[in-house]
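FYI, side chains are in, hydrogens and waters are out, and symmetry mates aren't considered; it's all heavy atoms of this structure. Below, chain A is the first sequence line, B the second, and so on; all start at residue 1. Quick caveat: nothing in here was measured; it's all calculated off a predicted structure.
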2 protein chains.
Amino acid sequence: MSTRRPGGRTAIVKAKAFEAARALAVEHGLHNVTMPEIAKLAGIAPTSLYRRWGDVGSLLMEMAVERLNETFPLPDEGGLLADLTQWARRIAAGLNADAEVNFFRVLLATTTMSPETRKLTLAPRLEQLQALLARADTRGEATPEAEDVIDYLLAPLYMRAVLGMPLDEGYADKLVRRLLKTITI
Amino acid sequence: MSTRRPGGRTAIVKAKAFEAARALAVEHGLHNVTMPEIAKLAGIAPTSLYRRWGDVGSLLMEMAVERLNETFPLPDEGGLLADLTQWARRIAAGLNADAEVNFFRVLLATTTMSPETRKLTLAPRLEQLQALLARADTRGEATPEAEDVIDYLLAPLYMRAVLGMPLDEGYADKLVRRLLKTITI
DNA sequence: ACCTTAAAGTGAATATATTTGCTTTAACGC
DNA sequence: GCGTTAAAGCAAATATATTCACTTTAAGGT
């Protein structure tokens with residue numbers, strides 16, 4: 001009878017490995033990230049990495065997925081405008097850091113995964129957003145669809161980040177205004 | 001005096017190498033793409049690859065940049081609505097092929113280019129778009145800014161592709177309608 | 001057409017990544 | 001605590017990537 005032992009040391013090794021992998025990927029780009037390098041930086045044995053993840057790609061993907069799901073709470077300020085504004089500003093600020101943009105790149109690159117896996121990965125985030133919108137709806141506010149939030153808010157923010165265009169609060173606010181205008185018409 | 005010789009064989013080797021690199025990256029993802037594999041698929045000597053590009057990352061990046069610069073002409077149908085609709089539909093259709101989406105992922109992931117290089121690379125495309133808009137403007141049509149075309153058309157299309165959401169003509173058309181609505185108000 | 005030599009090819013040497021078999025550590029159940 | 005054994009570590013073996021010294025091919029100038 002095989003009882004798993006994910007606690008203690010195992011958890012520490014995983015945390016160290018992910019942190020090292022993230023640091024290397026964000027700094028030197030996706031190539032140049034190798035198991036031995038990760039192991040060295042993390043201070044663990046390469047063998048452990050190979051046994052648990054098999055190859056760099058799998059390790060990076062798990063890391064990226066876990067990090068994406070480190071679900072930092074969406075705002076709940078009591079009003080849709082305030083919620084979306086704060087959220088958009090936060091994303092804009094985050095994407096101004098090179099490391100964040102590079103992390104997004106890592107995520108994309110590793111996301112040559114199956115549609116099912118991708119859906120599962122993104123599902124929690126989408127649910128959060130839908131909860132935010134549902135709150136607004138029950139308050140009786142005119143509320144956009146989640147799809148529209150993706151089109152009007154997330155897409156332009158990430159697109160600009162990837163193209164290397166600057167992002168600021170003013171731009172974030174503009175996007176929110178546009179989004180809300182579409183539904184009040 | 002060292003005279004370059006980029007013609008003939010050299011050009012063929014480059015084309016073969018780029019094609020093989022693209023195929024491998026699009027199929028197995030960015031990792032698992034190695035110089036020996038590229039060389040094998042391309043039918044050329046690994047040594048040649050190492051000499052010219054040094055490492056896989058550089059080769060992939062050059063490939064991606066070159067492909068990005070293969071600037072096919074934007075539509076010129078005599079009307080803004082027709083031009084934008086055709087363009088958006090074309091992008092949507094292209095991004096429905098898995099290979100295309102994966103190539104876009106590769107492009108984003110490998111493109112750790114400097115802001116200057118990025119600007120230079122994107123400049124021709126932006127000029128094309130601005131020419132399209134300028135034509136509409138001289139015809140006296142209500143014309144959006146290039147930035148808005150990026151936010152309302154390109155960003156949602158590419159974002160959805162990257163998230164694995166389906167793209168069709170109806171959606172492309174919807175985006176065009178939205179974009180044009182913003183300026184006629 | 002011919003010469004010069006840039007750039008590709010070859011095979012062997014070296015370096016690095018990955019696997020394997022075994023030992024040690026410490027997580028979990030009692 | 002204590003025993004069992006999952007999971008980490010270590011060292012040596014193997015496989016793969018990268019470099020090196022050299023040869024061959026053919027692009028570009030005449």
* Should the ring pair A/H31 and B/H31 be called parallel, tilted or perpendicular, given that the plane angle runs from 0 to 90° and is split at 30 and 60? -> tilted
* Structure fact -> Taken to the nearest whole Å, CZ/A/R9 to C1'/D/dA6 is 9 Å
* **B/E66/B/K14 salt bridge by N-O under 4.0 Å criterion** => yes
* Closest contact, heavy atoms only, B/A82 versus B/E77 -> CB-CB, 3.8 Å
* Asked: Got a sec? Which of residues 40-52 of chain A come in under 4.0 Å of DNA chain C, heavy atoms?
  -> A/T47, A/Y50
* Asked: Given that B/T34 and A/V13 both sit by DNA chain D, which one's nearest nucleotide is further toward the 5' end?
  -> A/V13
* NE2 of B/H31 versus P of C/dA17: gap in Å, rounded? -> 15 Å
* **Ionic contact status for B/R178 with A/D148, cut-off 4.0 Å** => yes
* Between C/dA7 atom P and B/K16 atom NZ, what is the distance in whole Å? -> 18 Å
* **Residue A/M35, side-chain atoms from C-beta onward, closest of D/dA17, C/dT18, C/dA8** => C/dT18
* Value in whole Å for how far the C1' atom of C/dA17 lies from CH2 of A/W53 -> 18 Å
* **Length of the line joining A/K14:NZ and D/dA6:C1', which is rounded to integer Å** => 16 Å
* Asked: Looking at A/G78 and A/D83, what are the two nearest heavy atoms and their distance?
  -> N-OD1, 4.0 Å
* Structure fact -> Whole-Å distance, B/I12 CD1 to C/dG9 P, equals 11 Å
* side-chain N/O A/R4 vs D/dA7 OP1/OP2, d < 4.0 Å -> yes
* **Integer-rounded Å distance: D/dA17 P and B/I38 CD1** => 11 Å
* Asked: Charged N to carboxylate O under 4.0 angstrom, A/R22 versus A/E19?
  -> yes
